[in-house]
Amino acid sequence: MSTRALLELQNLSTHYVSAKGRRVVRAVEDVSLRVAAGETLGIVGESGSGKSTLALSILRLLPPAARIPSGRMLFEGEDLLQKSDAEMRRVRGKRIAMILQDPMASLNPLFTIGDQVAEPIRVHEGATRASAWARARDLLKAVRIPSPQARLSQHPHEMSGGMRQRIVGAIGISCEPRLLIADEPTTSLDLTIQAQYLNLLRELQRAHGLALIFITHNLGIVAKMCDQLAVMYAGRVVEQGPVRQIFKAPAHPYTRALLSSIPRMSDGRQRLTAIDGQPPDLSALPPGCAFAPRCPSAFDACRAAEPPEIAGVANSRVRCWLAAPDAGRGKAGNGAL
Ligand code: ATP
Ligand code: MG
């Protein structure tokens, strides 16, 4: 890829360290990813695989126990890890915005919708209250809130769940960020509202040319929304590449297991179902590949050393010994799935 990425993570690791430093949870380990302007990257993986930690790392909104021992996070060519807290405050909400799973956690029950949608515009752009409120009204209109003028002076509890989620979306795009990170933004919505919300996000993306990082358990949403996909397992990105390529020919046994576990349900609800076995304890990872204990294709090399990231077709990359050129050698039995 020759074009400069909007966001490029290079070998990023994020660990949670216990108070006495005895336990280190390797929530994100050696992750390299890139997102181009206007593109949508989906991140999938089982619960606890490090998706939210990765998102919070990008915004540097990690809890105090978290450390970033290594890596670079280049956003428009600047390393976010080198920025001061004051500089990061100017990035957050303005150049990179985030939408969380639970809209109530992002909205303050004590303030009006107008104040909350207008706040980033006032903070980042120094707009007057009147002009920020006028912009807030237009944003509510853009996210299809009926009677936007009247809604401005209401409080979050006076909205439906779907409206609250759209308001959080309006706050997310209020300063026209270049990148919007959405961490499971639709799990609390019913299916019809969910579909409407996803369409709305896509419209906003097209209108504003923003890039989207979309964290989800739902591969149906990935198929619908995303250009690129990163599959996380135990803190690592085990496979990444164009969605179409990965859906057509998944290279990692974990990705294959995820794709084959999609229940074919008529209501379109496609959540990941369980794969046999448990994900490992991130503070006591086994040697070798973290997926080996659950992998139907594991052979000796997999338990001995961690697989490197191996380039595949169409700019895809996979961390799996099966993809190594000499994968056949020393393998116990037939490793093919
Ligand atoms: P989910 O799909 O359930 O949202 P996730 O992929 O977003 O999961 P994270 O929330 O990033 O996963 O958690 C990754 C790992 O880090 C988990 O093992 C989790 O227990 C651990 N973890 C998360 N937050 C903290 C914290 N504040 N202190 C210690 N460990 C944490
Ligand atoms: Mg999460």
Side-chain angles (χ1 to χ4, degrees), residues 7 9 11-33 35 41-71 73 96-106 165 168 172 180-189 194 212-222 225-226 228-240 252 254-255 257-259 261-262 269-275 277-286 289-291 293-294 319:
L7 176 75
L9 306 183
N11 310 103
L12 181 77
S13 295
T14 304
H15 299 164
Y16 295 104
V17 182
S18 67
K20 288 183 181 150
R22 288 203 194 109
R23 194 163 167 268
V24 177
V25 176
R26 297 173 186 277
V28 171
E29 191 70 16
D30 197 18
V31 165
S32 297
L33 278 179
V35 186
L41 167 72
I43 300 182
V44 297
E46 275 167 303
S47 182
S49 57
K51 305 179 298 294
S52 297
T53 303
L54 182 63
L56 294 172
S57 303
I58 296 168
L59 283 160
R60 295 208 5 225
L61 285 175
L62 292 161
R67 307 274 178 278
I68 299 185
S70 60
M73 301 197 296
I96 308 178
M98 183 155 172
I99 300 178
L100 298 171
Q101 178 171 346
D102 172 12
M104 270 326 242
S106 316
Q165 190 57 276
V168 173
L180 183 64
I181 303 176
D183 191 354
E184 305 243 29
T186 57
T187 26
S188 57
L189 304 178
Q194 193 175 46
L212 207 57
I213 294 183
F214 207 93
I215 296 173
T216 179
H217 280 95
N218 187 320
L219 288 165
I221 292 182
V222 169
M225 297 285 292
C226 304
Q228 301 285 322
L229 177 62
V231 179
M232 288 192 75
Y233 186 79
R236 293 188 179 264
V237 170
V238 293
E239 182 161 9
Q240 60 177 300
H252 198 287
Y254 177 63
T255 315
L258 285 185
L259 287 169
S261 69
I262 299 177
R269 203 191 295 258
Q270 299 175 319
R271 286 187 72 83
L272 305 182
T273 53
I275 294 170
Q278 292 293 316
D281 177 350
L282 297 179
S283 63
L285 286 168
C289 170
F291 188 58
R294 298 168 80 184
R319 277 182 188 275

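In listed order, ligands and their atoms are each counted from 1.
The minimum heavy-atom distance between Val28 and His15, with the atom names listed, is O-CD2, 3.8 Å. Contact record, Ser52 with Asp183: OG-OD2, 2.6 Å, taken as the closest heavy-atom pair. Taking all atoms of both residues into account, the shortest heavy-atom contact from Tyr233 to Gln278 is OH-O, 4.1 Å. Taking each heavy atom of Met73 and Ile58 in turn, the nearest pair found is SD-CA, 3.7 Å. The two residues Gly45 and Lys51 make their nearest non-hydrogen contact at O-NZ, 2.9 Å. The minimum heavy-atom distance between Ile215 and Ala55, with the atom names listed, is CD1-CB, 3.7 Å.
With contacts defined as side-chain heavy-atom distances shorter than 4.5 Å, the pair Arg319/Arg236 qualifies.
Between the side chain of Ser13 and the backbone N or O of Asp30 there is at least one donor-acceptor pair closer than 3.5 Å.
Here the protein heavy atom with the shortest distance to atom 31 (C) of ligand 1 is Tyr16 CD1, 3.3 Å. Nearest to atom 10 (O) of ligand 1 among the protein's heavy atoms is Ser52 CB, 3.9 Å. Here the protein heavy atom with the shortest distance to atom 3 (O) of ligand 1 is Ser47 OG, 2.5 Å.
Both the backbone and the side chain of Thr53 come within contact range of ligand 1, each with a heavy atom under 4.0 Å.
Distances below 4.0 Å separate heavy atoms of Leu282 from the following atoms of ligand 1: 15 (C), 18 (O). Atoms of ligand 1 found under 4.0 Å from any heavy atom of Pro63 (numbered from 1 in listed order, with element): 27 (N). Taking a cut-off of under 4.0 Å to the non-hydrogen atoms of Ser49, the atoms of ligand 1 that pass are 6 (O), 12 (O).
Using modelled atom types, one finds a donor on one side chain and an acceptor on the other under 3.5 Å when comparing Glu239 with Thr255. A donor atom on one side chain and an acceptor atom on the other are found under 3.5 Å apart for Ser57 and Thr14.
Protein N/O/S atoms closer than 2.8 Å to the Mg ion (ligand 2), listed by chain and residue number, are Ser52 OG.
In terms of N/O distances under 3.5 Å, ligand 1 is approached by Gly50. The distance criterion of under 3.5 Å between nitrogen or oxygen atoms is met by Gly48 with respect to ligand 1.
Under the side chain to side chain contact (heavy atoms under 4.5 Å, CB included) criterion, Cys226 pairs with Thr40, Phe214, Val222, Val243, not counting sequence neighbours.
When Lys51, His217, His15 are ranked by how near their heavy atoms come to atom 6 (O) of ligand 1, first place goes to Lys51.
For atom 23 (C) of ligand 1, a protein heavy-atom neighbour is found at a distance under 4.0 Å.
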